[in-house]
Student: 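So that we are looking at the same thing, I have put the structure below in structure tokens.
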Amino acid sequence: MTRKELFKNTLRKSVHAWKLINELPLSDDESLMLRHFMDQPGFLDLHWRMFVPAIKGQGTEEQKQKWLPLANKMQIIGCYAQTELGHGSNVQGLETTATFDPQTDQFILHSPTQTSSKWWPGGLGKVSTHAVIYARLITDGKDHGVHGFIVQLRNMDDHSPLPGITIGDIGVKFGNGAYNSMDNGFLMFDKFCIPRDQMLMRLSKVTREGKYVPSDVPRQLMYGTMVSVRQTIVSNASIAMARAVCIATRYSAVRRQFGSQNGGIETQVIDYKTQQNRLFPLLASAYAFRFVGEWLKWLYTDVTQRLEASDFATLPEAHACTAGLKSMTTSATSDGIEECRKLCGGHGYLWCSGLPELFAVYVPACTYEGDNVVLQLQVARFLMKTVSQLGSGKAPAGTTAYMGRAKHLLQCRSSIRKAEDWLNPAMVLETFEARALRMAVSCANNLSKFENQEQGFSELLADLVEAAIAHCQLIVVSKFIVKLEGEIKGKGVKNQLKNLCYIYALHLIHKHLGDFLSTNSITSEQASLANHQLRSLYTQVRPNAVALVDAFDYTDHYLGSVLGRYDGNVYPKLFEEALKDPLNDTVVPDGYHEYIRPLIKQHLRSARL
Ligand SMILES: CCCCCCCCCCCCCCCCCC(=O)SCCNC(=O)CCNC(=O)[C@H](O)C(C)(C)COP(=O)(O)OP(=O)(O)OC[C@H]1O[C@@H](n2cnc3c(N)ncnc32)[C@H](O)[C@@H]1OP(=O)(O)O
Ligand SMILES: Cc1cc2nc3c(=O)[nH]c(=O)nc-3n(C[C@H](O)[C@H](O)[C@H](O)COP(=O)(O)OP(=O)(O)OC[C@H]3O[C@@H](n4cnc5c(N)ncnc54)[C@H](O)[C@@H]3O)c2cc1C
């Protein structure tokens, strides 16, 4: 499809999905499922995941009563317009202004510079009638920082932009189809007025007289919509990783290369230890991200309930966990999808493998909802704060509770003696805790050598990110172990999940061996025992690998991959796909007479000379 056709077809699908949701009707969870099967980014994502939650989280009761019924029936379509051409990561650096005019009781929205143009919001370019806009609030000449506003963008009769608004699509993005179904847009305001009651005023307010009443709750609650979406992105990472792994595992069982004895059958590539060493940790990650996603959903629900009761104690941890896990799981999944493409050899590069499009549509997850490095630095700040409070009498809780055992974890030596010890959950956990804590404490020690803490933080950014990643990996490993301790139906299933859990943990040790050795969390002998155990786990997973991906229950239609077909009938279907290509409509291609023939003729002429 051309971009226009793709965009229009996504509109068709979205509206059809919305119709089904209402007619059947579907629950919230079922609607989410439908979104996965629709399998294309579109305006519904931003309307439901960001516009509606922003009003719910930041609007007053009156604002909710006015806007939510319209949004819930999709009589208005909204998007989330925060990022600008000049600033995305630095939300406090946004430039759009919302200046209160006491004469008219309105805010005047203005884009003072080119870099202040909104740039990127999905659904903004062509579809949305409304947006939650983030702009600097100015009253009486004073800048109160960034706040949210509900703004109508387009005429409800003919969809034209309202006077004072310039709006459009930002252009083609990475990949052929992929994210191009979405109208990520730009927007400029030229002194555009909105009534005062369209500032989202649950947190802070502007009175009729123009007095600014600051929030008596943490201002970061304004970032609540991002926290909520980051949480869902972790579960989505598992879905995308599982999809790529399903394709690569099934194909690795079909594909044979080398190893024929006396003219016999060749070796299935899944039997090569190198293939297993690349593939099985990704299979384990798909399961691990699913479990940590379930736990994160619980954490998010818990913090939401606490916030409703004005208990803000767990907000910093919820922010650190959603930011860090969003970052870690999306980076691992993007890399994992690309690895699966390579695991499928040359055929993985074909569009019909399903992997190129999956990669193209998935990879912006490393950037949207917070650049992954910027988010890990938020985790690092949280860790440095926690380390600095050790010994102050305030016991670390939740995911940093292990830091409360700092004295032990800083000096303990791993008691792994033989390869099987690596199947002991307590020993594995302690190894990850020791590594994470030692990396965090080392950063804190290095930071303390700087007179200026901010300067020290800038200097140590790379180390801080590594420490944050170590902490996030510990969370994933620990939640996998907790899952295994709970009820899992079927002994066989539990054993398989155990194998995957240890593969997940031991491959991280293998991958980040430098961290584990340099922090003395393990010795080089223990590292080689881990490798030995890993090889043995691969052997145990091998006979069940295909069943473990079948368990994701993805249909062939959803996978969209010739290589990942359930029936394994890959080669005939590759031919079928190839023959469908428009280039194969004719035997002699268009352009032959114009370019190829004259070239060949010229060659023949010079040969004759
Ligand atoms: C196979 C395919 C699968 C199909 C899947 C199908 C479904 C897919 C659906 C997906 C839908 C999603 C689509 C998403 C589209 C993208 C939307 C966007 O990008 S929208 C745009 C997204 N844009 C971004 O993400 C922008 C990223 N940037 C930011 O979030 C901020 O600028 C910042 C956090 C980096 C800094 O903020 P700043 O204000 O400078 O703050 P300071 O650093 O000075 O820290 C001060 C204090 O605040 C604290 N704190 C901070 N944040 C939070 C929080 N959230 N909460 C609580 N606390 C927080 C912090 O800890 C510190 O505490 P303390 O030390 O004082 O105790
Ligand atoms: C597909 C897609 C959809 C999007 N949808 C929306 C949407 O609906 N609404 C919306 O408002 N926005 C949206 N965005 C914008 C997105 O949220 C931002 O692009 C994202 O937050 C990153 O910000 P940035 O582009 O400013 O990156 P930058 O901050 O410019 O990042 C560039 C580089 O600088 C590095 N960097 C930046 N700051 C630091 C630092 N402090 N320390 C160390 N390194 C740093 C980053 O790691 C990165 O390598 C979307 C983006 C994409 C790609």
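Computed from a prediction, not measured in an experiment: that's the story for all the values here. Whatever order the structure lists ligands and atoms in, that order sets their numbers, starting from 1.
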Student: Atom 39 (O) of ligand 1: which protein heavy atom is closest, and how many Å away?
Tutor: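 Looking only at protein heavy atoms, the one closest to atom 39 (O) of ligand 1 is Tyr223 OH, 2.5 Å.
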Student: What is the closest protein heavy atom to atom 16 (C) of ligand 1, and at what distance does it sit?
Tutor: Tyr368 CB, 3.5 Å
Student: Would you kindly say whether His144 and Ser204 are connected by a side-chain donor-acceptor distance under 3.5 Å?
Tutor: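 Side chains of His144 and Ser204: no pair found under 3.5 Å.
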Student: Salt-bridge test for Arg381 and Glu454: reply yes if a basic N is under 4.0 Å from a carboxylate O, no otherwise.
Tutor: yes
Student: Around atom CD of Glu5, are there more than 12 heavy atoms of other residues, nucleotides or ligands at under 6.0 Å?
Tutor: yes
Student: Below 4.0 angstrom, counting only protein heavy atoms, does anything approach atom 62 (C) of ligand 1?
Tutor: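 Looking at atom 62 (C) of ligand 1, one finds that no protein heavy atom lies closer than 4.0 Å.
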Student: Kindly indicate whether atom 11 (O) of ligand 2 is approached by any protein heavy atom to under 4.0 angstrom.
Tutor: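 So far as the 4.0 Å threshold goes, atom 11 (O) of ligand 2 is in reach of a protein heavy atom.
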Student: Heavy-atom distances under 4.0 Å are what count here, so tell me which part of Asn184 touches ligand 2: side chain, backbone, both or neither.
Tutor: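 For Asn184, only side-chain atoms sit under 4.0 Å from ligand 2.
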Student: Please list the nearest protein heavy atom to atom 43 (C) of ligand 2 with its residue and the distance rounded to 0.1 Å.
Tutor: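 The answer is Leu377 CD1, 3.8 Å.
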Student: For atom 11 (C) of ligand 1, what's the nearest protein heavy atom and its distance?
Tutor: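 Looking at atom 11 (C) of ligand 1, the protein heavy atom closest to it is Arg49 NH1, 4.0 Å.
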Student: If you draw a 6.0 Å radius around CG in Asn452, do more than 12 non-hydrogen atoms from other residues or ligands fall strictly inside?
Tutor: yes
Student: State the atoms of ligand 1, each with its element, that fall below the 4.0 Å cut-off from a heavy-atom position in Val229.
Tutor: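 With Val229 as reference, the close atoms of ligand 1 come out as 12 (C).
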Student: Please tell me whether Tyr134 and Tyr80 form a close aromatic pair, meaning their ring centres lie under 6.0 Å apart.
Tutor: yes
Student: Less than 4.0 Å is my threshold; does some heavy atom of Tyr80 fall inside it relative to ligand 1?
Tutor: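 Yes.
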Student: Between Asn90 and ligand 2, find which residue part has any heavy-atom pair under 4.0 Å and reply side chain, backbone, both or neither.
Tutor: neither
Student: For atom 2 (C) of ligand 1, state whether the nearest protein heavy atom is under 4.0 Å away.
Tutor: no
Student: Is there any N or O on Tyr80 that sits under 3.5 Å from an N or O of ligand 2?
Tutor: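 In this structure, Tyr80 places an N or O atom under 3.5 Å from an N or O of ligand 2.
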Student: Relative to the heavy atoms of Lys385, which atoms of ligand 1 are at a distance of less than 4.0 Å?
Tutor: 64 (P), 65 (O), 67 (O)
Student: N/O to N/O below 3.5 Å, does that happen between Leu461 and ligand 2?
Tutor: no
Student: Measure Leu358 to ligand 1 on non-hydrogen atoms and call it side chain, backbone, both or neither using the 4.0 Å cut-off.
Tutor: side chain
Student: Between ligand 1 and Ala240, is the shortest N or O to N or O distance under 3.5 Å?
Tutor: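 No, there is no polar N/O contact under 3.5 Å.
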Student: Side chain or backbone of Val373 under 4.0 Å from ligand 2, or both, or neither, by non-hydrogen atoms?
Tutor: side chain
Student: Give the contacting part of Ser89 toward ligand 2: side chain, backbone, both or neither, where contact means a heavy-atom distance below 4.0 Å.
Tutor: both
Student: Which atoms of ligand 1 sit under 4.0 Å from any heavy atom of Gly88?
Tutor: 26 (C)
Student: Can you confirm whether something in the protein, heavy atoms only, sits under 4.0 Å from atom 41 (N) of ligand 2?
Tutor: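 Under the 4.0 Å cut-off, atom 41 (N) of ligand 2 has no protein heavy-atom neighbours at all.
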Student: Counting only heavy atoms on the protein side, is anything nearer than 4.0 Å to atom 25 (O) of ligand 2?
Tutor: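 It does not; no protein heavy atom is within 4.0 Å.
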Student: To which of Met38, Arg230, Gln220 does the heavy atom nearest atom 25 (O) of ligand 1 belong?
Tutor: Arg230
Student: With heavy atoms of Pro364 as the reference, note each atom of ligand 2 found under 4.0 Å away.
Tutor: 1 (C)
Student: Given Tyr212 and His147, is the ring pair (Phe, Tyr, Trp, His ring centres under 6.0 Å) satisfied, shown in steps?
Tutor: CA-CA 12 Å; Tyr212 178 68; His147 290 70; 5.5 Å; yes
Student: Would a search of protein heavy atoms around atom 51 (C) of ligand 2 find one under 4.0 Å away?
Tutor: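 Yes.
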Student: Answer yes or no: does an N/O atom from His87 fall short of 3.5 Å to an N/O atom of ligand 2?
Tutor: no
Student: Can you check whether Gln82 has an N/O within less than 3.5 Å of an N/O in ligand 1?
Tutor: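 Yes, there is a polar N/O contact under 3.5 Å.
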Student: Run the numbers for me: atoms of ligand 1, each under 4.0 Å from some heavy atom of Arg243, listed by number.
Tutor: 1 (C)
Student: To the nearest 0.1 Å, how far is atom 20 (C) of ligand 2 from its closest protein heavy atom, and which atom is that?
Tutor: Thr367 O, 3.3 Å
Student: Under a 4.0 Å threshold between the charged nitrogen and the carboxylate oxygen, would Arg341 count as salt-bridged to Glu338?
Tutor: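 So Glu338 pairs with Arg341 through a salt bridge.
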Student: With only distance considered, is Ile233 within less than 3.5 Å of ligand 1 through an N or O on each side?
Tutor: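 No: no nitrogen or oxygen of Ile233 is under 3.5 Å from one in ligand 1.
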Student: Any nitrogen or oxygen of His36, side chain or backbone, less than 3.5 Å from one on ligand 1?
Tutor: no
Student: So which of Gln378, His319, Gln92, Met50 gets nearest to atom 35 (C) of ligand 1, if we judge by its closest heavy atom?
Tutor: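 Among Gln378, His319, Gln92, Met50, the closest heavy atom to atom 35 (C) of ligand 1 belongs to Gln378.
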Student: Mind checking whether Arg381 has an N or O less than 3.5 Å away from an N or O of ligand 1?
Tutor: no
Student: State whether any protein heavy atom lies less than 4.0 Å from atom 43 (O) of ligand 1.
Tutor: yes
Student: Starting from atom 36 (N) of ligand 2, what is the nearest protein heavy atom, named by residue and atom, and what distance separates them?
Tutor: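 That would be Val374 CG2, 4.0 Å.
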Student: Report, in ascending order of atom number, the atoms of ligand 2 lying under 4.0 Å from any heavy atom of Glu369.
Tutor: 17 (O)
Student: Considering non-hydrogen atoms of the protein only, which is the closest contact for atom 8 (C) of ligand 1, and what is the distance?
Tutor: Asn236 ND2, 3.6 Å
Student: Taking non-hydrogen atoms only, is Lys173 closer than 4.0 angstrom to ligand 2 via side chain, backbone, both or neither?
Tutor: neither
Student: Any protein heavy-atom neighbour for atom 17 (O) of ligand 2 (distance below 4.0 angstrom)?
Tutor: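 Under 4.0 Å from atom 17 (O) of ligand 2, at least one protein heavy atom found.
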Student: Kindly state if atom 32 (C) of ligand 2 has a protein heavy atom within a strict 4.0 Å cut-off, that is, under 4.0 Å?
Tutor: no
Student: Please determine whether the number of non-hydrogen atoms from other residues, nucleotides or ligands lying under 6.0 Å from atom CZ of Phe450 exceeds 12.
Tutor: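 Result for CZ/Phe450: enclosed.
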Student: Atoms of ligand 2 less than 4.0 Å from Leu46 heavy atoms?
Tutor: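 Atoms satisfying the 4.0 Å criterion: 8 (O).
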Student: What about Gly122: any of its N or O atoms under 3.5 Å from an N or O on ligand 2?
Tutor: yes
Student: For atom 46 (C) of ligand 2, what's the nearest protein heavy-atom neighbour? Residue, atom name and distance, please.
Tutor: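 Nearest neighbour among protein heavy atoms for atom 46 (C) of ligand 2, to 0.1 Å: Asp371 OD2, 3.2 Å.
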Student: Select one of side chain, backbone, both or neither to describe which atoms of Met241 lie under 4.0 Å from any atom of ligand 1, heavy atoms only.
Tutor: neither
Student: Is Arg136 salt-bridged to Asp143, going by a charged N under 4.0 Å from an acidic O?
Tutor: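 Result for this pair is yes, salt bridge flagged.
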Student: At what distance is the nearest protein heavy atom to atom 15 (C) of ligand 2, and which residue and atom is it?
Tutor: Thr83 OG1, 3.3 Å
Student: Any atoms of ligand 1 less than 4.0 Å from a non-hydrogen atom of Val374? List them with their elements.
Tutor: 35 (C)
Student: Below the 3.5 angstrom mark, is there an N/O of Glu369, backbone or side chain, next to an N/O of ligand 1?
Tutor: yes
Student: Determine whether the side chain, the backbone, both or neither of Ile239 has a heavy atom under 4.0 Å from any heavy atom of ligand 1.
Tutor: neither
Student: Which residue owns the protein heavy atom closest to atom 32 (O) of ligand 1, what's the atom, and how far is it?
Tutor: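 Protein heavy atom with the smallest distance to atom 32 (O) of ligand 1: Ser89 O, 2.7 Å.
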Student: May I ask you to list the atoms of ligand 2 that are less than 4.0 angstrom from any heavy atom of Gln82?
Tutor: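 Under 4.0 Å from Gln82, ligand 2 has these atoms: 11 (O).
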Student: Which protein non-hydrogen atom lies closest to atom 6 (C) of ligand 2, naming both residue and atom, and how far is it?
Tutor: Trp120 O, 3.7 Å
Student: How about Lys56: does its NZ atom have over 12 heavy atoms from other parts shown lying under 6.0 Å from it?
Tutor: no
Student: Identify, for atom 7 (C) of ligand 2, the protein heavy atom at the shortest distance, and state residue, atom and that distance.
Tutor: Pro121 CA, 3.3 Å
Student: Which atoms of ligand 1 have any heavy atom of Met226 under 4.0 Å away?
Tutor: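 Heavy-atom distances to Met226 below 4.0 Å select 22 (C), 23 (N), 24 (C), 25 (O), 26 (C), 30 (O).
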